[in-house]
Amino acid sequence: MLNIDQIRRTPDEVAAALARRGEEPDFVELLRLDEERRAAITERDTLRATHNQLSREFGQLMAASRSGGGEPARLEELRAETQAVNERVEDLGETIREAEATIETIMLELPNLPLDSTPDGLDESANTVASSWGEARSYGFTPMAHWDLGDKLGVIDMERGAKLSGARFYVLTGPAARLERALISWMLDVHTREHGYTEMALPAMVREQVMLGSGNLPKFGDNLYRDVEEDLWLLPTAEVALTGLHRDEILDPGALPIKYVAQTPCFRREKAAAGRDTRGIKRVHQFNKVEMYQLVEPEQGEAALDSLVEDASDLLRRLELPHRVLSLCAGDMGFQSARTYDIEVWSPGCEEWLEVSSCSTCTDFQARRSNIRYRPEAGARPQYPHTLNGSGLALPRVIIAVLETYQREDGSIETPAALRPYIGADAIV
RNA sequence: GGAGGGAUGGCCGAGCGGACUAUGGCGCCUGUCUUGAAAACAGGUGUGGGGAAACUCACCGUGGGUUCGAAUCCCACUCCCUCCGCCA
């Protein structure tokens, strides 16, 4: 959610910032409603003050009449007056409610403002490579893509995934299932022991309010699974639940920064990506992901974003997987993001870069939507923190990269050194 | 699923139609005292909206209702607790 005061004060600047994302916002209606709302509130408050006066007088007269005094005529007068005031207050309340409902509808659909440091550009062609690490290995044979490799080794069962649940579901068997479990344990251990995150185990289903708070609703309901009987939605990412954790809270002085890490299943309908990445497990309806999350004071926002990128990259370096960091342009970022870096790992079998992490600062956008505030110091006014999220990392694509990168000519898969204590063997298969 | 109890400010907790402008305690902040601290004492201390400000309005789980007037009465809902049933 943007700050409506900012739109009121500098509509042109806000519009220009949104235009960088390809949005063409029209604030005329919004500002008219805002004006209408504030005028109605002012009038209603004045009337309510009058009403409180009249009511107090009424009470005093009643008390007097009980002790023998009494002015029945004046009482009737007061009754009529307050009733008239009440009617007008009701009307104004209706005006205010309608204006606020429309304002909210408009505000909930406006994306976050990109940071100044976010590069210009309207689509992925304008993304730039910020850094890269490692060289693609050369093989004395043609490396296989994971869909062939997984099939040949019998460790990725696409057919039975479909049998159980349909297209874009899969089953990991034996060594691949174990590889995933090892990766999850290892990633969580590194983040909690070395990067300073607190591990969280979260519900995979959340209320609509939580989805609104993170920015996934109302605009992106198409991509979500939900329970039809209850008000419950399946997480597309742990970011949603982590944002909801402190909804409607005021965090105590000294509470920030907060750093969480959580592994959850992620559920995505992928309707918008129909036909894309249909082979293998690059794009599926359900996958596991380790997610990092930070709540920080605004001044720390950009440094915190760098730390997320660093914490995610660290894992890839330890896995010795060549990767690069992309700086996303304004038009290619997610709805709630102000600045995003994607991390892509090289996949020698598919011969493409796979996005295994996306690190973003949402500035105060989600904090406003979720009403998360913090008190900078005792007695100070509550303020909105910045929220940041970054994958660390998404499992299926890391599994792809490990299988494809570490494959050997004899068909076995070498265990990355970092995972040996978790796998307990030199070869995964 | 059934029966009962509950939800009030950062926390505990009073209030059960009319000065609630929400008692009191704890905590926190400021001051006095002190070399410093503690203690004691005094004052202050919720959130949000509107307003340049003075100030004003709203908020006692949520949403309705009754009334000139609701934390207080009525209805519905949500969540929590206790017990019963079922169950990994």
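In what follows, chains carry the letters A, B, and so on, assigned in the order in which the sequence lines appear, proteins first and then strands, with residues in each chain numbered from 1.
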Distance in angstrom units between [X] [atom1] and [N] [atom2], rounded:
X	N	atom1	atom2	result
L251(A)	rG10(B)	CG	P	13 Å
R79(A)	rC68(B)	CZ	C1'	6 Å
R207(A)	rC77(B)	CZ	P	16 Å
D248(A)	rU47(B)	CG	C1'	11 Å
E377(A)	rC29(B)	CD	P	11 Å

Please state whether the rings of H195(A) and Y197(A) are parallel, tilted or perpendicular, taking 30° and 60° as the class boundaries.
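The arrangement is perpendicular - the two ring planes meet at more than 60°.
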Between CG of L354(A) and CD of E404(A), what distance do you get to the nearest 0.5 Å?
7.0 Å
Under 3.5 Å, which protein N or O atoms sit close to an N or O of nucleotides 51-56 of chain B? Give each pair with its distance.
residue, atom, partner, partner atom, Å
rG51(B), OP1, R38(A), NH1, 2.5

Please report the C-alpha distance between S357(A) and Y341(A) in whole Å, then the side-chain angles of each, then the deciding distance to 0.1 Å, and finally whether the side chain to side chain contact (heavy atoms under 4.5 Å, CB included) criterion is met.
CA-CA 8 Å; S357(A) 177; Y341(A) 292 101; over 6 Å; no
Judged by atom type as modelled, is there a donor-acceptor pair below 3.5 Å linking the side chain of [X] to the main-chain atoms of [Y]?
X	Y	answer
D342(A)	E355(A)	no
R21(A)	P114(A)	no
E270(A)	H285(A)	no

Strictly under 3.5 Å: I want the nitrogen or oxygen pairs between protein and nucleotides 44-46 of chain B, one per line.
none

Please determine, for the side chain of H51(A), which listed nucleotide (rC68(B), rU47(B), rA58(B)) has the closest atom?
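For H51(A), the side-chain atoms sit closest to rC68(B).
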The residue, T50(A) or D34(A), whose nearest nucleotide of RNA chain B is more 5′ is D34(A)
Want to settle it: does Q83(A) or R381(A) sit nearer the 5' end of RNA chain B, counting the closest nucleotide to each?
R381(A)
Would you find more than 12 non-hydrogen atoms of other residues, nucleotides or ligands less than 6.0 Å from D116(A) atom CG?
no
Please work out if R37(A) contacts a base, only the sugar-phosphate, or nothing of the nucleic acid, heavy-atom cut-off 4.0 Å.
sugar-phosphate
Base, sugar-phosphate alone, or nothing: which one does I41(A) contact when heavy atoms must sit under 4.0 Å apart?
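Touches sugar-phosphate only.
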What distance, rounded to whole Å, do you find between the two P atoms, one in rG48(B) and one in rA53(B)?
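Pairwise P distance, rG48(B) against rA53(B), rounds to 16 Å.
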Dot-bracket for RNA chain B, 5' to 3', with Watson-Crick and G-U pairs under 3.5 Å, [ ] for crossing pairs and | for other-strand pairs: what is it?
((((((((.[[[..)..(.....]]]((((((.......))))))(((((....))))).[[[[[..)....]]]]])))))))....
